[in-house]
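Proteins get letters first, then strands, A, B, ... in listed order; numbering begins at 1 in each. For the numbers below, each heavy atom of this structure counts, side chains included, while hydrogens, waters and symmetry mates do not.
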Amino acid sequence: MGTRLDSPEAQAAEVTERLFETYPNTTISLDFSNRLELLIAVILSAQCTDERVNKETKDLFATYESAAEYANAPQEELAEALSSITYYNNKAKYIREASEIIVSEHGGQVPDTMSELTELPGVGRKTANVVLQHGHEVVEGVVVDTHVQRLTRRLGITEAHSPQKIERELMELLPREGWQDFTHLCISHGRETCTARNPDCSECVLEDICPSSKLDSETDLASNEAW
DNA sequence: ATCCCGAGGG
DNA sequence: CCCTCTGGAT
């Protein structure tokens with residue numbers, strides 16, 4: 001108990017297999033109906049729950065329907081519409097300025113390459129990876145968000161801290177066809193069980209292979225008492 | 001008090 | 001590397 005498999009590859013594979021049984025249909029939980037809406041929803045999701053983003057984008061997407069409309073909207077008007085979202089001033093600015101570039105340089109269409117996406121203000125590797133995967137069906141990297149970062153570290157799959165380094169390691173450890181699923185498995189498990197504050201290790205299907213399990217002392221005590 | 005599918009700037 | 005942006009839920 002409380003150990004992990006002998007290599008990061010084996011650990012990652014076992015984690016994937018077990019979480020797949022637990023969350024067989026996990027996928028993106030942001031609401032969107034086109035690539036522009038996807039891009040905006042992902043920008044808004046930074047340090048904010050998807051549930052809240054979905055709540056606010058319902059009206060937003062009904063009000064603005066093209067990159068040109070976002071580009072021409074007064075920033076204060078956008079910020080007001082986003083006022084219950086984290087960092088709403090920054091995000092209103094990102095959305096408006098990214099939309100300007102999408103109109104002026106990409107014919108009003110959300111670009112489909114990593115370099116073009118990350119040139120947009122407010123779009124880093126994480127956001128670009130999500131847009132590529134779910135908007136363009138291009139899997140160029142592994143989406144490393146706060147859940148993937150927390151779980152891979154707790155599980156002993158990586159010891160890196162920066163999302164960029166964790167992504168590079170995961171790209172080495174995981175088969176490419178599993179990159180997209182791995183992210184959503186981590187997110188689902190991170191929300192339901194392996195939470196940031198009080199992880200519910202007693203209900204965790206990975207408890208016996210998790211070096212961070214807080215049940216170690218209890219388990220040892222129980223096995224001692226059994227004798 | 002901490003955390004949420006981060007990114008930009010210093 | 002550090003800091004800031006930021007409201008709602010717990």
Side-chain angles (χ1 to χ4, degrees), chain A residues 19 23 25-32 35 37-60 75-76 78-101 111 114-136 139-155 157-158 160-168 170 174 178-200 212 214:
Chain A
L19 290 183
Y23 314 99
N25 298 314
T26 184
T27 185
I28 187 167
S29 54
L30 292 167
D31 294 339
F32 63 96
R35 289 166 179 161
E37 290 185 359
L38 171 62
L39 173 64
I40 290 168
V42 182
I43 289 174
L44 293 178
S45 71
Q47 295 297 297
C48 191
T49 60
D50 285 6
E51 192 179 357
R52 172 147 300 277
V53 172
N54 290 336
K55 196 173 174 183
E56 303 303 324
T57 52
K58 193 176 178 187
D59 284 341
L60 187 74
Q75 198 169 300
E76 312 79 58
L78 274 178
E80 172 64 23
L82 303 175
S83 60
S84 69
I85 304 272
T86 51
Y87 316 143
Y88 54 86
N89 280 316
N90 283 344
K91 290 173 179 177
K93 184 180 165 87
Y94 294 152
I95 289 169
R96 212 190 58 71
E97 292 179 352
S99 296
E100 282 183 345
I101 296 174
M114 177 64 74
S115 61
E116 289 174 315
L117 282 166
T118 52
E119 280 173 20
L120 301 174
V123 180
R125 256 199 89 85
K126 182 261 171 181
T127 300
N129 268 325
V130 176
V131 171
L132 286 172
Q133 292 184 11
H134 296 280
H136 298 283
V139 181
E140 205 171 296
V142 181
V143 173
V144 178
D145 73 331
T146 183
H147 295 291
V148 176
Q149 183 177 28
R150 183 177 69 254
L151 266 70
T152 52
R153 287 180 50 77
R154 280 182 178 169
L155 288 163
I157 294 172
T158 182
H161 290 270
S162 83
Q164 290 76 11
K165 187 166 185 187
I166 293 174
E167 181 183 356
R168 272 184 260 121
L170 289 175
L174 299 167
W179 290 356
Q180 192 167 336
D181 288 328
F182 185 81
T183 296
H184 294 298
L185 294 172
C186 286
I187 292 170
S188 292
H189 197 56
R191 285 177 179 159
E192 294 196 20
T193 303
C194 194
T195 51
R197 270 179 282 195
N198 276 310
D200 190 0
S212 305
K214 62 186 182 187

Spacing of [X] atom [atom1] relative to [N] atom [atom2], expressed in whole Å:
{"X": "A:Leu82", "N": "B:dG6", "atom1": "CG", "atom2": "C1'", "value": "16 Å"}
{"X": "A:Ile43", "N": "B:dG8", "atom1": "CD1", "atom2": "P", "value": "9 Å"}
{"X": "A:Asp145", "N": "B:dC3", "atom1": "CG", "atom2": "C1'", "value": "13 Å"}
{"X": "A:Glu167", "N": "B:dA7", "atom1": "CD", "atom2": "P", "value": "11 Å"}
{"X": "A:Leu44", "N": "C:dT6", "atom1": "CG", "atom2": "P", "value": "13 Å"}
{"X": "A:Asp50", "N": "B:dC5", "atom1": "CG", "atom2": "P", "value": "5 Å"}
{"X": "A:Asn54", "N": "C:dG7", "atom1": "CG", "atom2": "C1'", "value": "16 Å"}
{"X": "A:Leu151", "N": "B:dC4", "atom1": "CG", "atom2": "P", "value": "11 Å"}

Mapping A:Ser162 and A:Ile85 to their closest nucleotides on DNA chain C, which lands nearer the 5' end?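 Per heavy-atom nearest nucleotide, the more 5' residue is A:Ser162.
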Proximal nucleotide (of [options]) relative to the [X] side chain:
{"X": "A:Tyr88", "options": "C:dG8, C:dT6, B:dC5", "result": "C:dT6"}
{"X": "A:Tyr87", "options": "C:dG7, B:dC5, C:dC5", "result": "C:dC5"}
{"X": "A:His184", "options": "B:dC4, C:dT6, B:dC5", "result": "B:dC5"}
{"X": "A:Arg197", "options": "B:dA1, C:dG7, B:dC5", "result": "B:dA1"}
{"X": "A:Tyr94", "options": "B:dG8, C:dG7, B:dC5", "result": "B:dG8"}
{"X": "A:Thr127", "options": "B:dG6, B:dC3, B:dC5", "result": "B:dG6"}
{"X": "A:Ser84", "options": "B:dC4, C:dG7, B:dC5", "result": "C:dG7"}

Rounded to whole angstrom, note down the [atom1] distance from [N] over to [M].
{"N": "B:dC5", "M": "C:dT4", "atom1": "P", "value": "24 Å"}
{"N": "B:dC4", "M": "C:dC1", "atom1": "C1'", "value": "24 Å"}
{"N": "B:dA7", "M": "C:dA9", "atom1": "C1'", "value": "23 Å"}

Toward the 5' end of DNA chain B, by each residue's nearest nucleotide, A:Thr118 or A:Thr49: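 Looking at DNA chain B, the more 5' nearest nucleotide goes with A:Thr49.
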Using the closest heavy atom to pick a nucleotide of DNA chain B for each, name whichever of A:Thr195 or A:Gly124 lands nearer the 5' end.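 The residue whose closest nucleotide sits nearer the 5' end is A:Thr195.
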Kindly compute the distance separating CG (A:Leu132) from CZ (A:Arg35), expressed to the nearest 0.5 Å.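 One gets 10.0 Å once the value is rounded to the nearest 0.5 Å.
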Can you tell me how far apart CG (A:Asn89) and CG (A:Leu78) are? Round to the nearest 0.5 Å.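 Here the interatomic distance stands at 11.0 Å.
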If you look at every strand shown and take non-hydrogen atoms under 4.0 Å, does [X] touch a base, only sugar-phosphate, or nothing?
{"X": "A:Ile28", "value": "base"}
{"X": "A:Val53", "value": "nothing"}
{"X": "A:Thr183", "value": "nothing"}

Taking OP1 and OP2 of [N], is either one under 4.0 Å from a side-chain nitrogen or oxygen of [X]?
{"X": "A:Asn89", "N": "C:dT6", "answer": "yes"}
{"X": "A:Arg191", "N": "B:dC4", "answer": "no"}
{"X": "A:Thr86", "N": "B:dC4", "answer": "no"}
{"X": "A:Arg125", "N": "B:dG6", "answer": "no"}

Please confirm whether the backbone N or O of A:Leu44 pairs with a side-chain atom of A:Lys91, one donor and one acceptor, at under 3.5 Å?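 Here the side-chain-to-backbone pair exists.
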Basic-acidic side-chain contact under 4.0 Å: A:Glu51, A:Lys55: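 The answer is no: the pair does not qualify as a salt bridge.
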Quick one: does A:Arg191's side chain get under 4.5 Å of A:Thr49's, heavy atoms only?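 No, every pair of side-chain atoms sits at 4.5 Å or beyond.
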Mind listing the closest non-hydrogen atom pair of A:Cys194 and A:Arg154 along with its distance?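 Minimum heavy-atom separation between A:Cys194 and A:Arg154: SG-NH1, 3.1 Å.
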Run the ring-ring contact (aromatic ring centres under 6.0 Å, His included) check on A:Tyr23 and A:His189 step by step: do they pass? CA-CA 8 Å; A:Tyr23 314 99; A:His189 197 56; 5.7 Å; yes
